[in-house]
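All values derive from a computational prediction rather than experimental measurement. Order of the sequence lines fixes the chain letters, A, B, ..., with proteins taken first and strands second; residue numbering starts at 1 for each chain.
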Amino acid sequence: MNITVRYFANMRDRMGRAEDSVSLEGETVTVEELWRRVSPQQALPANVLIAVNMEYTDASRALKNGDEVAFFPPVTGG
Amino acid sequence: MNITVRYFANMRDRMGRAEDSVSLEGETVTVEELWRRVSPQQALPANVLIAVNMEYTDASRALKNGDEVAFFPPVTGG
Amino acid sequence: MKVIVQEGPFDPYQVTRDYEAQSLPVGKHGAVVTFVGTMRDFNDGHNVSAMFLEHYPGMTERHIEDVCQEAADKWDVIDALVLHRHGDISVSEPIVLVAVWSAHRAHAFDACRYIINYLKERAPFWKRESTAQGQRWVEHNTEDPGVNSQGTKQKSA
Amino acid sequence: MKVIVQEGPFDPYQVTRDYEAQSLPVGKHGAVVTFVGTMRDFNDGHNVSAMFLEHYPGMTERHIEDVCQEAADKWDVIDALVLHRHGDISVSEPIVLVAVWSAHRAHAFDACRYIINYLKERAPFWKRESTAQGQRWVEHNTEDPGVNSQGTKQKSA
(Lines give C-alpha, C1' and ligand atoms only; values in the text may rest on other atoms or scores of the structure.)
Protein backbone atom coordinates (compact mmCIF):
# COMPACT_ATOMS: atom_id res chain seq x y z
CA MET A 1 0.00 0.00 0.00
CA ASN A 2 1.02 3.60 -0.59
CA ILE A 3 0.98 6.03 2.31
CA THR A 4 1.63 9.76 2.36
CA VAL A 5 3.38 10.89 5.53
CA ARG A 6 3.46 14.54 6.62
CA TYR A 7 5.45 16.24 9.35
CA PHE A 8 4.60 19.57 10.93
CA ALA A 9 6.37 22.13 13.13
CA ASN A 10 9.22 20.67 15.20
CA MET A 11 8.53 17.19 13.78
CA ARG A 12 9.41 18.51 10.33
CA ASP A 13 12.55 20.10 11.74
CA ARG A 14 13.48 16.83 13.41
CA MET A 15 12.85 14.73 10.28
CA GLY A 16 14.54 17.25 7.99
CA ARG A 17 11.66 17.00 5.53
CA ALA A 18 7.97 17.87 5.27
CA GLU A 19 6.69 14.74 3.60
CA ASP A 20 7.40 11.10 2.69
CA SER A 21 5.74 8.79 0.21
CA VAL A 22 6.03 5.26 1.51
CA SER A 23 5.21 1.91 -0.07
CA LEU A 24 4.50 -0.79 2.49
CA GLU A 25 4.02 -4.53 2.15
CA GLY A 26 1.69 -6.60 4.30
CA GLU A 27 -1.98 -6.98 5.13
CA THR A 28 -2.04 -4.87 8.27
CA VAL A 29 0.41 -2.11 8.91
CA THR A 30 -0.03 0.17 11.90
CA VAL A 31 1.04 3.78 12.35
CA GLU A 32 3.73 2.53 14.71
CA GLU A 33 5.18 0.27 12.03
CA LEU A 34 5.04 3.13 9.56
CA TRP A 35 7.00 5.27 12.02
CA ARG A 36 9.74 2.64 12.30
CA ARG A 37 10.00 2.71 8.53
CA VAL A 38 10.36 6.50 8.23
CA SER A 39 12.46 6.88 11.40
CA PRO A 40 14.45 3.70 12.03
CA GLN A 41 16.84 5.35 14.48
CA GLN A 42 14.45 7.11 16.80
CA ALA A 43 11.37 6.02 18.72
CA LEU A 44 8.11 7.92 18.34
CA PRO A 45 8.30 10.89 20.77
CA ALA A 46 5.95 10.46 23.70
CA ASN A 47 3.92 13.63 23.18
CA VAL A 48 3.62 13.43 19.39
CA LEU A 49 0.12 13.68 17.95
CA ILE A 50 -1.00 11.45 15.09
CA ALA A 51 -3.66 12.10 12.47
CA VAL A 52 -4.82 9.73 9.74
CA ASN A 53 -6.81 11.39 6.99
CA MET A 54 -7.01 14.48 9.18
CA GLU A 55 -8.61 12.75 12.16
CA TYR A 56 -6.76 12.23 15.45
CA THR A 57 -5.83 8.65 16.18
CA ASP A 58 -3.11 6.64 17.95
CA ALA A 59 -0.11 4.55 16.98
CA SER A 60 -2.04 1.27 16.95
CA ARG A 61 -4.26 2.46 14.10
CA ALA A 62 -4.15 0.09 11.07
CA LEU A 63 -3.50 1.81 7.75
CA LYS A 64 -4.98 1.26 4.33
CA ASN A 65 -3.83 2.14 0.87
CA GLY A 66 -3.95 5.87 0.15
CA ASP A 67 -4.02 7.01 3.77
CA GLU A 68 -2.44 10.33 4.70
CA VAL A 69 -0.63 10.09 8.03
CA ALA A 70 0.60 13.16 9.92
CA PHE A 71 2.96 13.48 12.89
CA PHE A 72 3.07 16.73 14.84
CA PRO A 73 3.61 18.21 18.31
CA PRO A 74 0.86 19.47 20.65
CA VAL A 75 -1.07 22.25 18.94
CA THR A 76 -0.65 25.89 19.95
CA GLY A 77 -3.15 27.92 17.94
CA GLY A 78 -5.69 30.46 19.04
CA MET B 1 -34.85 69.34 56.63
CA ASN B 2 -35.35 69.54 52.87
CA ILE B 3 -35.43 66.35 50.81
CA THR B 4 -35.67 65.86 47.05
CA VAL B 5 -37.69 62.80 46.12
CA ARG B 6 -37.51 61.23 42.66
CA TYR B 7 -39.67 58.56 41.05
CA PHE B 8 -38.69 56.45 38.07
CA ALA B 9 -40.46 54.15 35.58
CA ASN B 10 -43.71 52.68 36.91
CA MET B 11 -43.21 54.45 40.25
CA ARG B 12 -43.44 57.78 38.41
CA ASP B 13 -46.57 56.57 36.60
CA ARG B 14 -48.07 55.48 39.92
CA MET B 15 -47.26 58.78 41.67
CA GLY B 16 -48.32 60.88 38.69
CA ARG B 17 -45.17 62.99 39.04
CA ALA B 18 -41.40 62.67 38.60
CA GLU B 19 -40.24 64.59 41.66
CA ASP B 20 -41.23 66.07 45.03
CA SER B 21 -39.53 68.61 47.23
CA VAL B 22 -40.40 67.87 50.84
CA SER B 23 -39.75 69.80 54.04
CA LEU B 24 -39.70 67.57 57.11
CA GLU B 25 -39.60 68.39 60.80
CA GLY B 26 -37.83 66.26 63.41
CA GLU B 27 -34.39 65.06 64.38
CA THR B 28 -34.51 61.67 62.69
CA VAL B 29 -36.69 60.93 59.73
CA THR B 30 -36.43 57.61 57.90
CA VAL B 31 -37.14 56.79 54.26
CA GLU B 32 -40.25 54.97 55.44
CA GLU B 33 -41.55 58.11 57.15
CA LEU B 34 -40.76 60.13 54.04
CA TRP B 35 -42.78 57.66 51.98
CA ARG B 36 -45.83 58.08 54.27
CA ARG B 37 -45.54 61.82 53.70
CA VAL B 38 -45.43 61.63 49.89
CA SER B 39 -47.91 58.73 49.59
CA PRO B 40 -50.32 58.80 52.57
CA GLN B 41 -52.81 56.45 50.94
CA GLN B 42 -50.58 53.61 49.77
CA ALA B 43 -47.94 51.50 51.48
CA LEU B 44 -44.46 51.20 50.01
CA PRO B 45 -44.66 48.45 47.34
CA ALA B 46 -42.80 45.31 48.42
CA ASN B 47 -40.38 45.15 45.51
CA VAL B 48 -39.57 48.86 45.27
CA LEU B 49 -35.90 49.83 45.31
CA ILE B 50 -34.66 52.81 47.30
CA ALA B 51 -31.60 54.94 46.69
CA VAL B 52 -30.35 57.81 48.84
CA ASN B 53 -27.84 60.06 47.13
CA MET B 54 -27.59 57.45 44.37
CA GLU B 55 -26.63 54.58 46.65
CA TYR B 56 -28.95 51.63 47.34
CA THR B 57 -30.36 51.53 50.82
CA ASP B 58 -33.50 50.38 52.66
CA ALA B 59 -36.56 52.00 54.20
CA SER B 60 -35.02 52.25 57.67
CA ARG B 61 -32.32 54.62 56.46
CA ALA B 62 -32.27 57.92 58.39
CA LEU B 63 -32.26 61.02 56.22
CA LYS B 64 -30.39 64.28 56.55
CA ASN B 65 -30.93 67.71 55.11
CA GLY B 66 -30.32 67.89 51.34
CA ASP B 67 -30.60 64.17 50.68
CA GLU B 68 -31.92 62.99 47.32
CA VAL B 69 -34.18 59.96 47.72
CA ALA B 70 -35.31 57.83 44.77
CA PHE B 71 -38.01 55.17 44.52
CA PHE B 72 -38.04 52.81 41.54
CA PRO B 73 -38.90 49.26 40.44
CA PRO B 74 -36.35 46.47 39.83
CA VAL B 75 -33.90 47.51 37.16
CA THR B 76 -34.02 46.06 33.63
CA GLY B 77 -31.06 47.45 31.72
CA GLY B 78 -28.40 45.69 29.68
CA MET C 1 -11.67 52.26 32.15
CA LYS C 2 -14.44 54.20 30.54
CA VAL C 3 -18.22 54.24 31.05
CA ILE C 4 -20.50 56.06 28.63
CA VAL C 5 -24.29 56.39 28.91
CA GLN C 6 -25.66 58.03 25.80
CA GLU C 7 -28.79 58.62 23.79
CA GLY C 8 -28.74 57.59 20.15
CA PRO C 9 -27.37 54.61 18.23
CA PHE C 10 -23.76 53.48 18.20
CA ASP C 11 -21.66 50.91 16.36
CA PRO C 12 -20.22 48.68 19.09
CA TYR C 13 -17.49 47.28 16.87
CA GLN C 14 -16.25 50.64 15.69
CA VAL C 15 -16.36 51.93 19.27
CA THR C 16 -14.32 48.95 20.46
CA ARG C 17 -11.76 49.30 17.69
CA ASP C 18 -11.40 53.05 18.16
CA TYR C 19 -11.07 52.76 21.93
CA GLU C 20 -8.43 50.05 21.58
CA ALA C 21 -6.45 52.16 19.09
CA GLN C 22 -6.58 55.24 21.31
CA SER C 23 -6.28 53.79 24.80
CA LEU C 24 -4.62 50.38 24.88
CA PRO C 25 -0.85 49.92 25.05
CA VAL C 26 0.48 47.96 22.08
CA GLY C 27 1.26 44.27 22.55
CA LYS C 28 0.21 43.89 26.19
CA HIS C 29 -3.24 42.32 25.85
CA GLY C 30 -3.64 38.87 24.39
CA ALA C 31 -7.42 38.67 24.72
CA VAL C 32 -10.39 40.92 24.11
CA VAL C 33 -13.90 39.77 24.97
CA THR C 34 -16.88 41.87 23.98
CA PHE C 35 -20.53 41.47 24.83
CA VAL C 36 -23.12 43.31 22.75
CA GLY C 37 -26.75 43.27 23.88
CA THR C 38 -29.17 44.08 21.07
CA MET C 39 -32.90 44.67 20.94
CA ARG C 40 -34.87 41.60 19.90
CA ASP C 41 -38.27 41.76 18.22
CA PHE C 42 -39.72 39.44 20.87
CA ASN C 43 -39.72 39.17 24.66
CA ASP C 44 -41.76 37.10 27.10
CA GLY C 45 -43.84 35.71 24.24
CA HIS C 46 -44.79 39.09 22.75
CA ASN C 47 -43.67 40.81 19.58
CA VAL C 48 -41.93 44.04 20.45
CA SER C 49 -41.76 46.85 17.92
CA ALA C 50 -39.88 49.53 19.86
CA MET C 51 -38.42 50.23 23.27
CA PHE C 52 -37.78 53.18 25.52
CA LEU C 53 -35.01 52.94 28.06
CA GLU C 54 -35.24 55.23 31.08
CA HIS C 55 -32.31 55.74 33.43
CA TYR C 56 -31.24 57.70 36.50
CA PRO C 57 -28.53 60.07 35.29
CA GLY C 58 -25.56 60.06 37.61
CA MET C 59 -26.53 56.97 39.58
CA THR C 60 -26.38 54.84 36.45
CA GLU C 61 -22.83 55.83 35.57
CA ARG C 62 -21.69 55.48 39.18
CA HIS C 63 -22.95 51.93 39.51
CA ILE C 64 -21.54 50.78 36.18
CA GLU C 65 -18.18 52.22 37.21
CA ASP C 66 -18.40 50.35 40.52
CA VAL C 67 -19.11 47.08 38.72
CA CYS C 68 -16.15 47.62 36.37
CA GLN C 69 -13.89 48.34 39.33
CA GLU C 70 -15.05 45.16 41.07
CA ALA C 71 -14.22 43.16 37.95
CA ALA C 72 -10.78 44.77 37.78
CA ASP C 73 -10.23 43.84 41.43
CA LYS C 74 -11.19 40.20 40.82
CA TRP C 75 -9.39 39.55 37.54
CA ASP C 76 -6.39 40.76 35.56
CA VAL C 77 -8.05 43.48 33.53
CA ILE C 78 -5.92 45.83 31.44
CA ASP C 79 -8.86 47.99 30.42
CA ALA C 80 -12.65 47.91 30.13
CA LEU C 81 -15.16 49.93 28.17
CA VAL C 82 -18.92 50.05 28.76
CA LEU C 83 -21.33 51.94 26.54
CA HIS C 84 -25.04 51.85 27.35
CA ARG C 85 -27.85 53.63 25.56
CA HIS C 86 -30.94 55.29 26.96
CA GLY C 87 -34.00 56.75 25.22
CA ASP C 88 -35.76 55.31 22.19
CA ILE C 89 -34.32 52.11 20.75
CA SER C 90 -35.38 50.31 17.56
CA VAL C 91 -35.41 46.59 16.83
CA SER C 92 -31.95 45.07 16.23
CA GLU C 93 -30.08 48.11 17.52
CA PRO C 94 -27.33 47.60 20.10
CA ILE C 95 -28.32 48.57 23.64
CA VAL C 96 -25.11 47.87 25.52
CA LEU C 97 -21.46 47.09 24.82
CA VAL C 98 -19.03 45.63 27.36
CA ALA C 99 -15.44 45.20 26.16
CA VAL C 100 -12.63 43.83 28.34
CA TRP C 101 -8.94 43.66 27.52
CA SER C 102 -6.67 41.27 29.41
CA ALA C 103 -3.40 39.42 29.00
CA HIS C 104 -5.30 36.13 29.42
CA ARG C 105 -8.54 34.97 27.90
CA ALA C 106 -10.05 33.37 31.00
CA HIS C 107 -9.80 36.71 32.81
CA ALA C 108 -11.30 38.59 29.88
CA PHE C 109 -14.26 36.20 29.70
CA ASP C 110 -14.91 36.21 33.43
CA ALA C 111 -14.61 39.98 33.81
CA CYS C 112 -16.83 40.73 30.80
CA ARG C 113 -19.53 38.38 32.04
CA TYR C 114 -19.33 39.79 35.55
CA ILE C 115 -19.73 43.34 34.30
CA ILE C 116 -22.80 42.67 32.15
CA ASN C 117 -24.45 40.51 34.82
CA TYR C 118 -24.02 42.98 37.65
CA LEU C 119 -24.77 45.94 35.41
CA LYS C 120 -28.11 44.27 34.68
CA GLU C 121 -28.66 43.70 38.36
CA ARG C 122 -27.69 47.10 39.72
CA ALA C 123 -27.50 49.86 37.10
CA PRO C 124 -30.76 51.89 37.23
CA PHE C 125 -32.28 51.40 33.78
CA TRP C 126 -35.90 50.54 33.03
CA LYS C 127 -37.20 49.19 29.74
CA ARG C 128 -40.63 50.10 28.43
CA GLU C 129 -41.64 47.98 25.46
CA SER C 130 -44.15 48.81 22.74
CA THR C 131 -46.21 45.77 21.73
CA ALA C 132 -49.49 45.27 19.87
CA GLN C 133 -51.16 45.36 23.31
CA GLY C 134 -49.67 48.77 24.07
CA GLN C 135 -46.74 49.89 26.19
CA ARG C 136 -45.54 47.97 29.21
CA TRP C 137 -42.68 48.24 31.65
CA VAL C 138 -40.46 45.17 31.58
CA GLU C 139 -40.66 43.76 35.09
CA HIS C 140 -37.56 41.63 35.30
CA ASN C 141 -34.51 40.68 33.30
CA THR C 142 -33.59 37.11 32.50
CA GLU C 143 -30.85 35.83 34.75
CA ASP C 144 -27.55 34.37 33.65
CA PRO C 145 -27.71 30.84 35.10
CA GLY C 146 -23.96 30.59 34.67
CA VAL C 147 -23.41 33.02 37.51
CA ASN C 148 -25.59 31.45 40.15
CA SER C 149 -24.66 27.90 39.26
CA GLN C 150 -20.90 28.52 38.96
CA GLY C 151 -20.67 28.19 35.22
CA THR C 152 -22.69 25.09 34.54
CA LYS C 153 -23.01 24.49 30.83
CA GLN C 154 -26.34 22.71 30.65
CA LYS C 155 -28.57 23.90 27.87
CA SER C 156 -31.59 25.64 29.33
CA ALA C 157 -34.96 24.52 28.02
CA MET D 1 -21.75 29.10 10.67
CA LYS D 2 -18.56 30.10 8.94
CA VAL D 3 -14.91 29.14 9.47
CA ILE D 4 -12.13 31.00 7.68
CA VAL D 5 -8.40 30.25 7.91
CA GLN D 6 -6.44 32.92 6.11
CA GLU D 7 -3.02 34.45 5.70
CA GLY D 8 -2.71 38.18 6.26
CA PRO D 9 -4.17 40.64 8.76
CA PHE D 10 -7.84 41.24 9.38
CA ASP D 11 -9.96 43.65 11.41
CA PRO D 12 -12.01 41.43 13.74
CA TYR D 13 -14.56 44.14 14.47
CA GLN D 14 -15.22 44.97 10.85
CA VAL D 15 -15.44 41.26 10.03
CA THR D 16 -17.98 40.75 12.84
CA ARG D 17 -20.07 43.72 11.80
CA ASP D 18 -20.04 42.77 8.12
CA TYR D 19 -20.91 39.15 8.85
CA GLU D 20 -23.79 40.20 11.09
CA ALA D 21 -25.15 42.57 8.45
CA GLN D 22 -24.95 39.92 5.73
CA SER D 23 -25.88 36.74 7.53
CA LEU D 24 -27.93 37.34 10.67
CA PRO D 25 -31.72 37.68 10.64
CA VAL D 26 -32.85 41.04 12.04
CA GLY D 27 -34.13 41.18 15.62
CA LYS D 28 -33.64 37.51 16.59
CA HIS D 29 -30.40 37.67 18.55
CA GLY D 30 -30.19 39.54 21.82
CA ALA D 31 -26.55 38.79 22.54
CA VAL D 32 -23.26 38.72 20.66
CA VAL D 33 -20.05 37.64 22.37
CA THR D 34 -16.74 37.97 20.57
CA PHE D 35 -13.31 36.77 21.56
CA VAL D 36 -10.26 38.24 19.85
CA GLY D 37 -6.86 36.71 20.50
CA THR D 38 -4.01 39.08 19.70
CA MET D 39 -0.26 38.70 19.62
CA ARG D 40 1.47 39.90 22.76
CA ASP D 41 5.04 41.13 22.85
CA PHE D 42 5.86 38.70 25.66
CA ASN D 43 5.32 35.01 26.40
CA ASP D 44 6.76 32.68 29.02
CA GLY D 45 8.99 35.46 30.31
CA HIS D 46 10.55 36.33 26.94
CA ASN D 47 10.09 39.33 24.72
CA VAL D 48 8.65 38.23 21.41
CA SER D 49 9.16 40.33 18.30
CA ALA D 50 7.35 38.27 15.66
CA MET D 51 5.54 35.01 15.19
CA PHE D 52 4.98 32.45 12.47
CA LEU D 53 1.86 30.32 12.66
CA GLU D 54 1.95 27.01 10.80
CA HIS D 55 -1.17 24.97 10.18
CA TYR D 56 -2.37 21.78 8.49
CA PRO D 57 -4.63 22.95 5.65
CA GLY D 58 -7.85 21.01 5.53
CA MET D 59 -7.51 19.39 8.93
CA THR D 60 -7.51 22.78 10.63
CA GLU D 61 -10.78 23.92 9.08
CA ARG D 62 -12.42 20.57 9.71
CA HIS D 63 -11.63 20.58 13.41
CA ILE D 64 -12.72 24.18 13.94
CA GLU D 65 -15.99 23.35 12.19
CA ASP D 66 -16.45 20.34 14.48
CA VAL D 67 -15.91 22.49 17.57
CA CYS D 68 -18.43 25.06 16.34
CA GLN D 69 -20.97 22.32 15.70
CA GLU D 70 -20.45 20.92 19.19
CA ALA D 71 -21.08 24.36 20.66
CA ALA D 72 -24.26 24.71 18.60
CA ASP D 73 -25.40 21.32 19.89
CA LYS D 74 -24.80 22.31 23.51
CA TRP D 75 -26.20 25.84 23.52
CA ASP D 76 -28.76 27.96 21.70
CA VAL D 77 -26.52 29.40 18.99
CA ILE D 78 -28.08 31.36 16.14
CA ASP D 79 -24.79 31.73 14.28
CA ALA D 80 -21.03 31.58 14.82
CA LEU D 81 -18.05 32.92 12.94
CA VAL D 82 -14.41 31.89 13.39
CA LEU D 83 -11.52 33.53 11.60
CA HIS D 84 -7.99 32.31 12.28
CA ARG D 85 -4.77 33.52 10.70
CA HIS D 86 -1.73 31.55 9.66
CA GLY D 87 1.69 32.68 8.43
CA ASP D 88 3.66 35.66 9.70
CA ILE D 89 2.06 37.71 12.47
CA SER D 90 3.31 40.95 13.99
CA VAL D 91 3.00 42.19 17.55
CA SER D 92 -0.50 43.39 18.49
CA GLU D 93 -2.16 41.91 15.40
CA PRO D 94 -5.28 39.78 15.86
CA ILE D 95 -4.66 36.04 15.49
CA VAL D 96 -8.15 34.65 15.96
CA LEU D 97 -11.74 35.88 16.15
CA VAL D 98 -14.63 33.87 17.57
CA ALA D 99 -18.06 35.52 17.38
CA VAL D 100 -21.28 33.90 18.61
CA TRP D 101 -24.84 35.19 18.19
CA SER D 102 -27.59 33.91 20.48
CA ALA D 103 -30.98 34.95 21.80
CA HIS D 104 -29.55 34.78 25.35
CA ARG D 105 -26.31 36.08 26.74
CA ALA D 106 -25.41 33.06 28.88
CA HIS D 107 -25.51 30.85 25.81
CA ALA D 108 -23.43 33.29 23.78
CA PHE D 109 -20.76 33.46 26.51
CA ASP D 110 -20.63 29.69 27.05
CA ALA D 111 -20.54 28.85 23.35
CA CYS D 112 -17.85 31.43 22.53
CA ARG D 113 -15.64 30.23 25.36
CA TYR D 114 -16.14 26.60 24.38
CA ILE D 115 -15.16 27.30 20.79
CA ILE D 116 -11.93 29.14 21.58
CA ASN D 117 -10.91 26.63 24.26
CA TYR D 118 -11.43 23.54 22.12
CA LEU D 119 -10.03 25.25 19.04
CA LYS D 120 -6.84 25.82 21.05
CA GLU D 121 -6.85 22.20 22.14
CA ARG D 122 -7.58 20.51 18.83
CA ALA D 123 -7.08 22.72 15.76
CA PRO D 124 -3.66 21.93 14.24
CA PHE D 125 -1.76 25.21 14.48
CA TRP D 126 1.78 25.66 15.73
CA LYS D 127 3.35 28.93 16.84
CA ARG D 128 7.00 29.69 16.23
CA GLU D 129 8.16 32.78 18.10
CA SER D 130 11.09 35.04 17.30
CA THR D 131 12.89 36.23 20.42
CA ALA D 132 16.29 37.75 21.17
CA GLN D 133 17.50 34.17 21.71
CA GLY D 134 16.33 33.11 18.25
CA GLN D 135 13.31 31.21 17.02
CA ARG D 136 11.48 28.65 19.12
CA TRP D 137 8.37 26.55 18.75
CA VAL D 138 5.83 27.30 21.47
CA GLU D 139 5.40 24.00 23.30
CA HIS D 140 2.07 24.47 25.01
CA ASN D 141 -0.78 26.92 25.28
CA THR D 142 -2.01 28.28 28.58
CA GLU D 143 -5.16 26.58 29.75
CA ASP D 144 -8.42 28.26 30.60
CA PRO D 145 -8.89 27.30 34.26
CA GLY D 146 -12.55 28.23 33.96
CA VAL D 147 -13.21 25.18 31.84
CA ASN D 148 -11.66 22.55 34.01
CA SER D 149 -12.86 24.07 37.26
CA GLN D 150 -16.43 24.75 36.12
CA GLY D 151 -16.18 28.50 35.95
CA THR D 152 -14.44 29.36 39.18
CA LYS D 153 -13.66 33.02 39.40
CA GLN D 154 -10.54 32.99 41.51
CA LYS D 155 -7.83 35.29 40.29
CA SER D 156 -4.86 33.29 39.19
CA ALA D 157 -1.50 34.34 40.56
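Contact detail for D:M59 and A:M54: the closest heavy-atom pair is N-SD, 3.1 Å. Minimum heavy-atom separation, D:H55 to A:F8: O-CE2, 3.6 Å.
Interface remark: of the candidates A:L49, A:D13, A:N47, A:D13 forms the most heavy-atom pairs closer than 4.5 Å to chain D. Between chain A and the options D:I64, D:V82, D:V96, D:N141, heavy-atom pairs under 4.5 Å are most frequent for D:N141.
Heavy atoms closer than 4.5 Å to chain A are found in the backbone of D:H140, but not in its side chain. Of the two parts of D:R85, neither the backbone nor the side chain holds a non-hydrogen atom closer than 4.5 Å to a non-hydrogen atom of chain A.
Interface with chain D: from residues 23-46 of chain A, no residue qualifies, criterion being any non-hydrogen pair under 4.5 Å. Residues of residues 61-78 of chain A that come closer than 4.5 Å to chain D, counting heavy atoms only, are A:E68, A:A70, A:F72, A:P73, A:P74, A:V75, A:T76, A:G77, A:G78, ordered by residue number.
Taking the six-membered ring wherever Trp is involved, the centroid distance between the rings of D:H63 and A:Y56 falls below 6.0 Å.
By the 6.0 Å contact criterion, CD on D:Q135 is enclosed, its count of non-hydrogen atoms from other residues, nucleotides or ligands being greater than 12.
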